[in-house]
Amino acid sequence: MQTKMTHLKFLAGFLLIVLVIGISYHWSWFHRFKEQSSDSSNLGFLGEHFLVSSDLHLVAAEGLKYQQPSITQGSRTDVVSVTPWLAPIVWEGTFNPTLLDAVYHKKNISIAATVFAVGKYVMFLRNFLETLDQHFFVGFRVHVYVFTDQPKEVPKVKMAAGRELIVQPVPSSNRWQEISARRMEIIQKLIEEKIQNKVDYIFCLDVDSKFHDRWGTESLGGLVAVIHPGYYKNDRSKFPYERRTSSRAYVAPDEGDFYYCGGAFGGLIPEVLQLARTCRKNFEDDAKEGIEAAWQEESHLNRYMWINKPSKVLSPEYLWQDFKQREAEIRTIRFSGVVKNYNDIRPN
Ligand code: UD2
């Protein structure tokens with residue numbers, strides 16, 4: 001009888017210990033998840049990314065009052081503001097900047113911007129950087145990475161508090177095609193080696209451009225593409241996609257959604273890393289077979305985005321071209337390519 005009692009006591013003790021261990025294990029998991037959900041600035045959690053908490057979960061700022069949205073009357077009826085795969089297309093008038101900024105301030109996000117200035121293109125840096133500071137994610141933490149073969153020529157533009165300029169040396173090149181094409185490789189390395197667990201979003205931008213108006217939280221998304229200003233009214237068969245079937249950037253005449261810019265794209269870090277890796281690999285595999293796509297990395301990016309649909313599409317307000325007459329649906333120009341003479345600035 002006594003032995004039976006001892007056994008029972010032993011069993012009860014054992015069960016109690018198992019219960020205590022179980023509860024504390026769940027408690028610690030719950031807390032770790034809660035911390036992760038409320039602080040998306042720390043994307044690295046056991047080396048993984050919680051995409052849901054960082055991009056899809058939008059928490060409104062308490063007490064913020066704003067105009068009631070309508071479900072029957074769109075603020076823009078002259079343009080399409082959603083793709084057939086239900087990604088928003090961002091136009092002036094389709095979003096509330098105050099609401100969005102409040103949501104993303106709560107998340108304490110940080111954004112990287114990359115820009116390349118090789119050879120004579122350093123001349124565009126001052127204008128680009130000064131206008132970036134005035135219009136690009138004002139009030140947010142921004143890290144601007146300038147890749148150049150002439151670090152000493154980078155103008156010392158004073159950035160607002162919370163924003164930093166980082167200059168990274170890259171080799172010179174005799175071919176503009178190579179400069180353009182190597183951007184994907186450099187972006188891939190930057191993400192893998194430096195910013196993967198430090199920054200939430202990244203935008204990769206052309207330097208021969210300047211900002212004129214707000215480019216902010218409305219542009220955030222998983223994979224973000226900008227519609228090219230030159231072709232947005234054309235039939236897809238006229239888009240300047242790579243048309244040789246031998247290239248990995250090939251898109252058939254009856255395929256393709258929009259023609260996207262190589263001069264501006266971005267999104268969440270893991271999404272842009274996947275894009276950069278894929279485009280770089282396809283570009284290099286093509287090169288081994290002696291093929292260079294019609295518009296280098298822009299062609300590979302367009303092929304990639306035909307298969308991997310962007311989760312947010314930015315209208316041509318986000319990359320206009322100064323030589324083009326403004327069209328009626330373009331209510332504001334946020335970022336535009338400056339007029340330039342290729343013969344004066346390209347190395348070949
Ligand atoms: C188009 C694309 C651009 C790129 C290019 C194809 C848009 C609006 N423009 O622009 O993104 O796909 O075609 O090559 O999407 N660069 C230098 N030094 C050079 C040459 C280029 O730093 O000598 C860099 C620089 O950051 C520049 C970018 O490469 O902004 C693209 O230069 P581009 O002048 O070849 O591009 P562009 O305006 O013809």
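The model shown is predicted, which means the values in this text are computed figures rather than measured ones. Note that ligands are numbered from 1 as they come in the structure, with each ligand's atoms numbered from 1 the same way.
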For this session: With sequence neighbours excluded, tell me which residues meet salt bridge (charged side-chain N to carboxylate O under 4.0 Å, His left out) with Lys120.
Result: none
Problem set entry | Short N or O distance, Ile179 and ligand 1, threshold 3.5 Å exclusive | no
Problem set entry | Glu192 versus Gln188, side-chain donor and acceptor atoms under 3.5 Å | yes
Exercise. If you count the atoms of ligand 1 from 1 in the order shown, which ones are under 4.0 Å from a heavy atom of Lys340?
Worked result: 34 (O), 37 (P), 38 (O)
Exercise. Considering only the protein, which heavy-atom contact is closest to atom 4 (C) of ligand 1, and what is its distance?
Worked result: Arg183 NH2, 3.5 Å
Exercise. Among the clusters formed by ILVMFWY side chains lying less than 4.5 Å apart, do Val157 and Leu132 turn up in the same one?
Worked result: yes
Exercise. Parallel, tilted or perpendicular: which fits the ring planes of Tyr259 and Tyr231, with parallel below 30° and perpendicular above 60°?
Worked result: perpendicular
Exercise. Has ligand 1 got any nitrogen or oxygen that is less than 3.5 angstrom from a nitrogen or oxygen of Tyr121?
Worked result: yes
Exercise. Short N/O distance, under 3.5 Å, between Gly262 and ligand 1?
Worked result: yes
Exercise. Can you find a pair of side-chain heavy atoms, one from Gln150 and one from Val118, that are under 4.5 Å apart?
Worked result: no
For this session: Do me a favour and list the nearest non-hydrogen protein atom to atom 1 (C) of ligand 1 with residue, atom name and distance?
Result: Glu298 OE2, 4.2 Å
For this session: Among all protein heavy atoms, pick out the one at the shortest distance from atom 35 (O) of ligand 1; state its residue, atom name and that distance to 0.1 Å.
Result: Arg346 NH2, 2.8 Å
Exercise. Would you say ligand 1 has an N or O under 3.5 Å from any N or O of Phe116?
Worked result: yes
For this session: List every atom of ligand 1 that sits less than 4.0 Å from any heavy atom of Tyr342, numbering the atoms from 1 in the order shown and giving each element.
Result: 34 (O), 37 (P), 38 (O), 39 (O)
Exercise. Going by the atom numbers of ligand 1, which of them fall below 4.0 Å from some non-hydrogen atom of Asp208?
Worked result: 27 (C), 30 (O), 38 (O)
Problem set entry | Side chain, backbone, both or neither: Phe124 near ligand 1, heavy atoms under 4.0 Å | neither
For this session: Please identify which atoms of ligand 1 are closer than 4.0 Å to at least one heavy atom of Cys261.
Result: 15 (O)
For this session: Return a yes/no value for Gly263: is any of its N or O atoms, backbone included, closer than 3.5 angstrom to an N or O of ligand 1?
Result: yes
For this session: Could you see which bit of Ser173 sits under 4.0 Å from ligand 1, with heavy atoms only: side chain, backbone, both or neither?
Result: neither
Exercise. Leu319 to ligand 1: N or O pair under 3.5 Å?
Worked result: no
Exercise. Got an N/O contact under 3.5 Å between Trp295 and ligand 1?
Worked result: no
Exercise. Which word best sums up how the rings of Trp85 and Phe258 line up, parallel for under 30°, tilted for 30 to 60°, or perpendicular for over 60°?
Worked result: tilted
For this session: Start with the C-alpha distance between Phe203 and Trp215, add both sets of side-chain angles, then the distance that settles ring pair (Phe, Tyr, Trp, His ring centres under 6.0 Å), and finish with yes or no.
Result: CA-CA 11 Å; Phe203 284 94; Trp215 178 322; 5.6 Å; yes
For this session: Give a yes/no verdict on whether any heavy atom in Ala117 is under 4.0 Å from an atom of ligand 1.
Result: yes
Problem set entry | Side chain Asp149, main chain Val170, donor-acceptor under 3.5 Å | no
Exercise. Can a non-hydrogen atom of Lys120 be found less than 4.0 Å from any atom of ligand 1?
Worked result: no
Problem set entry | Mutual orientation of the aromatic rings belonging to His143 and Tyr145 [parallel < 30°, tilted 30-60°, perpendicular > 60°] | tilted
For this session: Give the numbers and elements of all ligand 1 atoms closer than 4.0 Å to a heavy atom of Gln296.
Result: 6 (C), 14 (O)
For this session: Determine the interplanar angle of the Phe128 and Phe335 rings, folded into 0 to 90°, and report it as parallel if under 30°, tilted if 30 to 60°, perpendicular if over 60°.
Result: perpendicular
For this session: Determine, for Arg214 against Glu92, whether the closest basic-nitrogen to carboxylate-oxygen distance falls under 4.0 angstrom.
Result: no
Problem set entry | Residue, atom name and distance, where the atom is the protein heavy atom closest to atom 3 (C) of ligand 1 | Asp206 OD2, 3.2 Å
For this session: First locate atom CG of Leu273, then atom CD1 of Ile191, and finally report the distance between them rounded to the nearest 0.5 Å.
Result: 5.0 Å
Exercise. So which heavy atom in the protein is nearest atom 18 (N) of ligand 1, and how far is it from that ligand atom?
Worked result: Val118 O, 2.8 Å
Problem set entry | Under 4.0 Å to a heavy atom of Val207 - the qualifying atoms of ligand 1, by number | 25 (C), 26 (O), 30 (O)
Problem set entry | Interatomic spacing from OG1 in Thr332 to OH in Tyr318 - rounded to 0.5 Å | 9.0 Å
